[in-house]
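In what follows, a single structure is set out as structure tokens and then discussed.
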Amino acid sequence: MASPNTIVVLGAGVSGLTTAYLLSQDPTNQITVVAKHMPGDYDIEYASPWAGANYFPTGAPGSDHAEWERATWPALSELAQNQPEAGIHFQPSIVYNREKDQNSNTGKWFAELTREDPWYKDVVPDFRKIPSNELAPGIDNASYFTSVCINVAVYLPWLIGQCRRNGVVFKRGVFKHVSDAAHAHHSGKKADLVVNCTGLGSKKLGGVLDDALYPARGQVVVVRNDPGAMVSISGSDDGADEVVYMMTRAAGGGTVIGGSYQKDNWESQPDPNLAVRIMKRAVALWPNLVAEGQGIEGLDIIRHGVGLRPVREGGPRVAKDVVDGVPVVHNYGHGGFGYQASYGCAYTAVKLAKEALQERNQAKL
Ligand code: FAD
């Protein structure tokens, strides 16, 4: 029998866990996941626990980004339909567009999402344009579809459970250099392959030092109120990097209200003034969030939060590499779409991992 492939997955956010889960479906892969932060931790260096998270496509038509989002919908939809333990449910969704936002940070971020005739209309169920005579003043177009919202506090541990069932071993570890991770495999042997899923960490990780990475800071308020729909708009009148969105997490996870898209802002603490603006905008856009006649005093706050979206100029890096003789597959830089592109990116990473392992085995002969 061929000897197993020893693989270290570096990083335990949604990218690392999804990639490890798919790799673990091949019993010839022996996998260790090593990370500084694990599900259960809340830290500014760890984006995944802060996400909503929903499926609101933002990739430009024909881009890898869009293809990864397209490839992810069937997996998330299947989980929402058939696996309640994953913590994902379907939600009616409405997106509003204002033409005047098209040059703002948030307008550019949501440009594909808010298009009248977007590529994803044939991917998500029930897509339809909302007639213009039903739109409030200032809204130029809007659409309705069914999407999903992931309770990430349930879903990330669910991914760990799927991995552990397939024999994946989890460890804590902090690395200065990506090739050092090859020595962290639970077998004690040097790993055949390292899969680098360190998100924004790849900006400072030796052997990677990717300068194309930058944070887009997202501040949120999590509340007990239930708006009854997932709602989003292209921008706000409070600044080019402030926006409104709300989504209710499955299984009692509360409603996440956002938000902001503040490029190159590393601030880890919530800004109380921004928090007030987020709540005011949410109630103004969707008054059903609170009881009739109430303002933000009608919101029942669970917590305030801040996460840094790991954006990469030019899009995520999902690619093969060799660093100091160690075969590496990178899967990082997913900005504000790490969940909605998670399966698509991981499918590509698994394909690249197979190629890298084959190349390594041939070199050994
Ligand atoms: P991370 O979650 O940051 O994980 C990185 C991992 O690498 C961690 O385990 C960390 O400890 C480890 N690591 C890093 N460096 C080292 C090192 N040197 N040594 C050891 N370990 C290391 N996406 C969606 O699809 N839908 C949404 O609705 C959505 N909403 C969002 C809302 C907010 C407010 C924010 C902030 C993000 C949102 N996102 C959303 C984006 C999504 O959260 C990210 O794209 C995704 O979490 C990135 O996951 P990751 O696994 O690549 O990185």
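As the structure is a prediction and not an experimental result, all values here were calculated from the model. Read the numbers this way: they start at 1 and go in the same order the structure lists the ligands and their atoms.
Among all protein heavy atoms, the one lying closest to atom 45 (O) of ligand 1 is G335 O, 2.7 Å. Among protein heavy atoms, the minimum distance from atom 20 (C) of ligand 1 is reached at G173 O, 3.2 Å. Among all non-hydrogen protein atoms, the one lying nearest atom 37 (C) of ligand 1 is R309 CG, 3.6 Å. In terms of protein heavy-atom proximity, atom 40 (C) of ligand 1 is nearest to G336 O, 3.4 Å. The protein non-hydrogen atom at the shortest distance from atom 3 (O) of ligand 1 is A47 N, 3.0 Å. Of the protein's non-hydrogen atoms, S15 OG, 2.7 Å is the one closest to atom 52 (O) of ligand 1. Atom 8 (C) of ligand 1 has Y46 CD1, 3.6 Å as its closest protein atom, hydrogens excluded (heavy atom only).
In the model, N97 has a side-chain atom that pairs as donor or acceptor with a side-chain atom of N141 under 3.5 Å. Counted by atom type alone, R217 and Q219 present one or more donor-acceptor pairs between their side chains at under 3.5 Å. When only modelled atom types and interatomic distance are considered, N5 and D192 share no side-chain donor-acceptor pair under 3.5 Å. Side-chain contact, T255 with T248: a donor N or O sits under 3.5 Å from an acceptor N or O.
The aromatic rings of W158 and Y155 sit parallel, their planes meeting at an angle under 30°, below the 60° perpendicular limit.
Below 4.0 Å from some heavy atom of A35 lie the following atoms of ligand 1, by number and element: 9 (O), 21 (N).
Crowding of K320 atom NZ: a count of heavy atoms from other residues, nucleotides or ligands under 6.0 Å exceeding 12.
Ligand 1 lies nowhere less than 4.0 angstrom from a heavy atom belonging to Y332. The closest approach between any non-hydrogen atom of N54 and ligand 1 is below 4.0 Å.
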Stepwise side-chain hydrogen bond (donor to acceptor under 3.5 Å, both in side chains) test for D210 and S202: CA-CA 6 Å; D210 191 336; S202 278; over 6 Å; no
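Considering backbone and side-chain N/O atoms, V14 comes within less than 3.5 Å of an N/O atom of ligand 1.
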